[in-house]
Every structure is written in C-alpha cells, then in structure tokens.
Amino acid sequence: MRSIEDLPTPAVLVDLDVLERNLARTAERARSAGVKLRPHAKTHKVVEIGRMQIALGAVGLSLAKVGEAEVFAAAGFQDIFLAYPTVGGDRARRLLALGDRLRLAVGADSVEGASTLSAVFHQARRTLEVLLKIDCGFHRVGVQPGAALEVARKVAELPGLRLRGVFTHAGQAYHAEMPSAVAEIGRSEGEILAAAAREMRDAGLAIEDVSVGSTPTAAHAMRVAGVTECRPGNYVYHDASQVALGSCSPKECAMTVAATVVSVPAADRAVVDAGSKTLSSDPLRPRAGGYGLLLGTASRLERLSEEHGVVKVEPGDRFRIGQRVSILPNHACVVSNLHDRVYGVRAGVVETEFAVAARGRVD
Ligand SMILES: Cc1ncc(COP(=O)(O)O)c(C=O)c1O
C-alpha cells in the first residue's frame with residue numbers, strides 16, 4: 001500500500017471519492033433534465049474514467065482530435081463525437097480506418113471544411129455523420145446563427161456526409177464574473193442552438209442532436225427546451241477556475257498536484273518543484289490571480305518558470321524546505337495533457353494509477 005507521501009513529486013493526484021461524486025452528480029443532472037450526456041474526455045484523457053462515464057449512462061464521448069479518437073476507439077469505445085472542426089483528407093482517411101463498428105461524428109463549421117471529408121467518405125461508399133458548429137457568443141469557431149441554415153443545407157447536400165445535428169460551446173462563460181451571468185450565458189447557449197435546430201427542421205433538415213456544453217453552463221443550458229445533449233468536460237475534476245466561477249466548491253475539486261518546497265530564499269518567497277511543465281501557464285479565470293492555490297494556506301503561486309513554482313508567502317504562512325504541498329491548479333484539462341499518468345487516491349492512499357492514454361494527441 002503506497003501512501004501519497006511516498007510518491008515522487010511533482011505528481012498529479014485524483015481524489016477518487018470526489019471524482020466518483022462529480023461523475024454521478026452530472027450524470028444525474030442530465031438524466032433529470034432528460035438530455036443525453038456525452039462528456040468531453042479532453043479533461044481526463046483516461047480510458048478508465050471514460051468507462052466510468054459510460055457506466056453511469058453517458059451515450060458516448062466527445063473528443064477534439066482524430067488521434068484522441070484513435071486511442072479511445074482502440075480501447076473499445078463505440079460512440080465518439082469529435083467536437084472540433086475536423087478538416088482534411090488525411091484526417092478523413094484515418095477516421096475511415098477506424099471502421100464502421102464505431103458510431104462516429106465530427107464537427108464542421110464550413111462547407112469548405114466538410115467537403116474535405118465528404119470526398120473521402122463518398123469515394124469509400126461510407127457515410128460520416130456531421131454536426132454543424134454554431135457560434136453562441138464565444139466567437140472562436142462556429143457559424144453565426146443567422147447564416148446557419150444556409151451552411152447546414154449545403155453541408156447536408158454533400159455526398160458521403162449526413163448532417164446529424166448542431167452543437168455549440170459557450171466558452172465565453174469562463175470570462176463571466178458573476179454566477180448570474182454564467183447562468184444567463186447558459187440559457188442563451190441553449191436557446192440559440194434550439195432556435196437554429198427548429199429553423200433547420202422547418203426547412204426540412206433532419207436534425208437529431210442539439211448539443212450544448214461547458215462545465216459552468218451545463219446545468220442551465222441542458223434545461224432549455226429543444227436541447228437534446230450536453231458535453232461538459234471539466235466537471236470530472238474541476239479546478240481553481242471553476243471554484244472562482246462558482247461552478248463548484250473547493251471540496252468538489254478532484255485533481256491536485258503534490259509538490260515539494262525546494263527553496264525558501266526570502267521570508268515572503270518559497271519555491272516548489274512544479275512549474276509550467278507541470279501546471280501549464282494557463283491563467284486563473286474569470287480574473288487572473290496567480291498560477292495555483294496552495295491548499296490549506298493563504299498563499300498561491302505568483303510566477304512560474306518551467307521547473308519552478310514561485311510562491312508569494314502570505315503573512316501567517318510558513319514553508320520549509322522539503323515540505324510537501326498540495327496545489328489546486330487553475331485549469332485541470334491542460335494539466336492532464338502534460339502528464340503520462342495520474343494517481344487515483346483515497347484517504348491518503350494511492351489506490352490506482354491511470355495512464356493518460358490520449359495525452360499529447362494534437363493531430
Ligand atoms: C467544443 C467543446 N465542447 C465541450 C467542451 C467542454 O467544456 P468544459 O471544459 O467547460 O466542461 C469544450 C471545452 O473546451 C469544448 O471546446
């Protein structure tokens with residue numbers, strides 16, 4: 001039996017009790033809202049956690065990249081949606097190679113992008129399902145709602161493709177400073193997408209999936225009439241940004257990073273062995289505020305270099321060299337992507353080790 005204290009640092013820990021509660025709560029929330037849950041596995045990239053989500057009723061997984069789909073398909077997952085504008089004949093050929101036992105869909109936000117997939121699937125006499133991405137205000141990717149019907153019609157006509165639905169992601173919620181603003185963004189996310197789906201159905205398109213989702217907005221967007229599916233990802237672990245946004249309490253954060261104090265060069269400064277290689281440089285959202293909270297203290301990481309996490313020591317806190325600390329990261333998803341494994345822990349004991357099998361799959 002290995003104790004947390006025996007792990008070399010830095011180490012990414014996942015509290016299994018918290019993870020299980022987070023998984024169950026969101027599964028129940030989707031069930032009671034009457035929508036399908038298709039969690040975005042970008043947050044964990046772990047096959048075993050994906051299986052736990054399916055066991056709790058998820059219809060399948062969302063992922064972003066073809067390389068991630070390859071990992072989860074090889075592990076036996078049968079229903080995958082790439083919630084990302086998937087473009088290129090080479091990618092289409094890799095998707096084709098995943099075989100037809102897998103129910104597969106990809107995102108598209110242009111006729112040009114979808115055409116690159118259409119040609120390959122048509123030639124192979126196979127059909128790829130597509131969801132049109134609609135911009136509900138994040139202004140990253142996605143068709144503007146006013147242009148959605150026209151693009152949807154054209155995508156639906158492309159040979160080798162079947163337009164299965166529409167999807168959106170209200171990432172702008174991460175910049176909302178009040179929980180009431182997050183709730184409003186969630187409602188509008190659902191309403192914009194449901195309205196687009198209605199318009200398409202009225203025009204004769206067979207829209208099945210109306211898929212919303214982010215962790216801050218999920219509870220609000222999934223209750224909007226007409227929404228059929230929700231794709232939160234971060235809820236499995238949560239992080240300091242979700243706490244700051246009001247999505248969860250610190251007790252609902254499953255992922256922490258164990259680190260060791262390696263230097264205390266001044267009374268107001270300590271340095272731990274976790275820098276940007278461990279935590280990433282992602283800022284705290286919605287408002288910047290350092291690079292991770294040191295749990296049980298008032299101090300936080302104020303600066304990172306690759307291997308150094310510089311703590312601004314607050315009055316009343318004291319750190320000594322060799323001391324182990326527990327960091328709540330700003331953004332759990334990017335931490336996963338930086339590590340080969342995470343340790344599943346319960347009551348201070350390492351119960352299991354998960355390979356982050358789909359980390360680093362950028363293509
Ligand atoms: C398209 C898409 N869907 C769903 C999600 C999941 O959102 P969250 O991480 O807030 O749960 C993301 C996250 O970036 C996303 O980009």
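Computed from a predicted model, the values in this text were never measured in an experiment. Computed over heavy atoms, backbone and side chain alike; hydrogens, waters and symmetry mates excluded. Numbering of ligands and ligand atoms starts at 1, following listing order.
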Please tell me whether Ser247 and Thr215 have a donor and an acceptor in their side chains that are separated by less than 3.5 angstrom.
no
Go through the structure and list residues passing side-chain contact (heavy atoms from CB on, under 4.5 Å) with Ala194, not counting sequence neighbours.
Arg198
Those residues at least two apart in sequence (or on a different chain) that pass salt bridge (Lys or Arg N to Asp or Glu O under 4.0 Å) with Lys154 are Glu150
Could you please provide the protein residues found below 4.0 Å of ligand 1 on a heavy-atom basis, arranged by chain and number?
His40, Lys42, Ala83, Lys133, Arg140, His169, Tyr174, Gly213, Ser214, Thr215, Pro216, Arg231, Pro232, Gly233, Asn234
Would you say the side chain of Asp15 lies within less than 4.5 Å of the side chain of Thr256, judging by non-hydrogen atoms?
no
Quick one: side chain to side chain donor-acceptor pair (under 3.5 Å) pairs with a partner in residues 49-77, sequence neighbours left out?
His44-Gln53, Gln53-Tyr235, Glu70-Arg94
Is Glu302 salt-bridged to Lys312, going by a charged N under 4.0 Å from an acidic O?
no
